[in-house]
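Since the structure comes first, as structure tokens, the remarks are kept for the end.
Atom set for the values below is all heavy atoms of this structure, side chains included, hydrogens, waters and symmetry mates excluded.
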Amino acid sequence: MTPGKVLQPVLKMKVDELFLCWFSQPATQLTLKDCLRRIKNEEKTEIGNGDSGNSKNERFATKNSDSKQSMLGDIRLPLSFSPPQLSTTLPLSTSSSSRNISNVKGTRRSSGTRVVQAKKEETLPPSLSQTIPTFYFPRGCPKEKVNIDAVIAKIERTFSQFPNERATLDDMGKVAKACECPLYWKGPLFYCAGGERTGYVSVHKFVAMWRKILQTCYDDAAKFVHLLMNPGCNYLVQEDFIPFLQDVVNSHPGLSFLKEASEFHSRYITTVIQRIFYTVNRSWSGKITCNELRKSNFLQNVALLEEEADINQLTEYFSYEHFYVIYCKFWELDTDHDLYIDRKDLARHNDHAISSRMIERIFSGAVTRGRKAQKDGKISYADFVWFLISEEDKKTPTSIEYWFRCMDLDGDGVLSMYELEYFYEEQCQKLDNMAIEPLPFEDCLCQMLDLVKPQYEGKITLHDLKRCKLTNVFFDTFFNTEKYLDREERDQFSMLRDGEGESQELSDWEKYAAEEYDILVAEEAASDQWNDGITPLHLLGDFQNLLESCCTWSQVFKSCFQVRS
């Protein structure tokens, strides 16, 4: 395959990306609306004057002098004028003039086409790109000129307070403030300047690093990505977040009880990383770009780490209680405790509420990563984080995409009636086993179509589901028997009220995590009444002894971290 054929699709994707970026700019929208308004007014004036086709041709000639109107053209031009205009844009049109002439329905002349082309080339402006302002800023839109020297001088004054003008990781909080960054950027700043290798950062090395960032990165998203990314990359992968989150675990007051339980540092960090990618990585690529980070609220949550001493108040990413619930649920399923679960393990979740056909789809690789796990027929703890959040909150964009991928058996981007019937068949079987008469598929299908209101008849797209306010009802109908029966007991009006009023309340996931956490704490309180002889973790020589002496995994957390209700 020639290099040109390889590059053409990539070039087209970049051009499409630039066009969409330009087209979404507010200034572009206003310009196009103004052009369309002027064209509409001109048409009304022309109709009122009763001009003939010749006046239209003259108006077309005058419009070519304006770059914006020449791109839009005149929708009322005769067809004979379009082929010469298109021929000037094709690189090979000069060698096939006879083909262009044959397409014109007007008079044919042997040299007329070449003359018309020359005239049109003369009437075009020198450069159309000069009329379009710069709109693509991958590293952030440059603001007013920043006084870099003043910022560097402030940093140097901060370093002068340290011995030999060298800052350790503990000192980087002051340096982060001198850089006008949130406090918990201190870890990324330290590691990006090479502090991990030497244990300290010199003022000269840090100033050189930060000056380069100020000169090339113009917003917080671009700066944060630059601090965490590997050399030569312009995106973040999961491993890039580990040093940053390890510093949060070591220094945040809300996680001080974890210092003596280093075994759980990696579990907590893995949970937070998965929640970050679950929310921020909207492309499902496994790579967080500046644009994705810019559109998310992650950096705002990082800034809140400094202000909020209670880590559990940061429910979107960093909550320890949410990690506690997720890990306890996984531990109950992971009987051999190798941090992997198979189909039988996952099927036991929530008392076999998920259908076996949906379990097969989850293990098919439609929503999981990692070839080794798929080869062995298991999913990791990281995959379970995505599953549990998607299962308990089916209204978020990521969860809708998660279950849509599972239900789209042929991967054509739509849910056909066959695919819906495929999953509903098992639901009917499970209801029959429970001595409950299931609703016929035709009647169920009518209800779901009325609920979703698809744009095209006979198929449901991802866009249709994202417009629906009751996607949880739709998904539960096809693969979660317990939640389906629970909703069948409630009247339709109550579900509609819940769908309309939940925008100002807690999300379904936050409600679930809070309820499960209370249940786990209550179980531990009850078990403590007859089992008071549990030794704290820091007094045990072997952590396995604690596991064997506890009745539940949640009791282990209670003993280790002294979790308070």
Glu426, Lys430, Gln429 screened by side chain to side chain donor-acceptor pair (under 3.5 Å) with Ser356, the one that passes: Glu426

Polar side-chain atom of His252 near backbone of Leu305 as donor-acceptor pair, under 3.5 Å: yes

More than 12 heavy atoms of other groups within 6.0 Å of Tyr235 OH: no

Would you check if the distance from the ring center of Tyr320 to the ring center of Phe257 is below 6.0 Å? yes

CD of Gln313: more than 12 outside heavy atoms within 6.0 angstrom? yes

Can you confirm whether or not the ring centre of Tyr317 sits under 6.0 Å from the ring centre of His322? no

Are Lys174 and Asp171 ion-paired here, with the side-chain N under 4.0 Å from a carboxylate O? no

What are the two closest non-hydrogen atoms of Val452 and Ile460, and how far apart are they? CG1-CG2, 4.0 Å

Can you list the steps and then say if Lys394 with Asp508 is a salt bridge (Lys or Arg N to Asp or Glu O under 4.0 Å)? CA-CA 8 Å; Lys394 298 185 176 73; Asp508 288 349; over 6 Å; no

Parallel, tilted or perpendicular: ring planes of Phe244 versus Phe318, cut at 30 and 60 degrees: perpendicular

For the residue pair Trp210 and Lys223, what are the closest heavy atoms and their distance? CH2-CD, 4.3 Å

With heavy-atom distances below 4.5 Å as the criterion, would you say the side chains of Met358 and Asn480 are in contact? no

Given side chains that start at C-beta, do those of Ser251 and Tyr184 come closer than 4.5 Å, heavy atoms only? yes

Nearest heavy-atom pair of Asp393 and Ser507: which atoms, and what distance? OD2-CB, 3.6 Å

Which heavy atom of Leu445 sits nearest to which heavy atom of Met417, and what is that distance? CD1-SD, 3.3 Å

Nearest 0.5 Å please: distance from the CG atom of Leu439 over to the OG1 atom of Thr477. 9.5 Å

State, yes or no, whether a side-chain contact exists between Arg357 and Arg361 at a heavy-atom distance under 4.5 Å. no

So do Leu451 and Phe474 actually touch side chain to side chain, heavy atoms under 4.5 Å? yes

Would Phe479 and Trp403 count as a close aromatic pair, with their ring centres under 6.0 Å? yes

Closest approach of Val249 to Tyr268 (non-hydrogen atoms, all atoms of both residues): CG2-CD2, 3.6 Å

Is Lys466 atom NZ crowded by more than 12 heavy atoms from other residues, nucleotides or ligands, each under 6.0 Å away? yes

Could you check if a side-chain atom of Pro454 sits within less than 4.5 angstrom of a side-chain atom of Thr461, using non-hydrogen atoms only? no

Given side chains that start at C-beta, do those of Ile276 and Phe241 come closer than 4.5 Å, heavy atoms only? yes

Does Asn281 reach the main-chain N or O of Lys287 with its side chain, forming a donor-acceptor pair under 3.5 Å? yes

Side-chain touch Tyr402/Trp284, heavy atoms, less than 4.5 angstrom: yes

Which pair of heavy atoms, one from Glu321 and one from Asn312, lies closest together, and at what distance? N-OD1, 2.9 Å

So Tyr381 and Phe384, would you call those rings parallel, tilted or perpendicular, with 30° and 60° as cut-offs? parallel

Salt bridge present between Glu482 and Arg487 (N-O < 4.0 angstrom): no

Ion pair present between Glu392 and Lys483, side-chain N to carboxylate O less than 4.0 angstrom? yes

Does a salt bridge link Arg275 with Glu316, judged by any charged N lying under 4.0 Å from a carboxylate O? no

A side-chain contact here means heavy atoms from C-beta on lying under 4.5 Å apart; do Val367 and Phe387 qualify? no

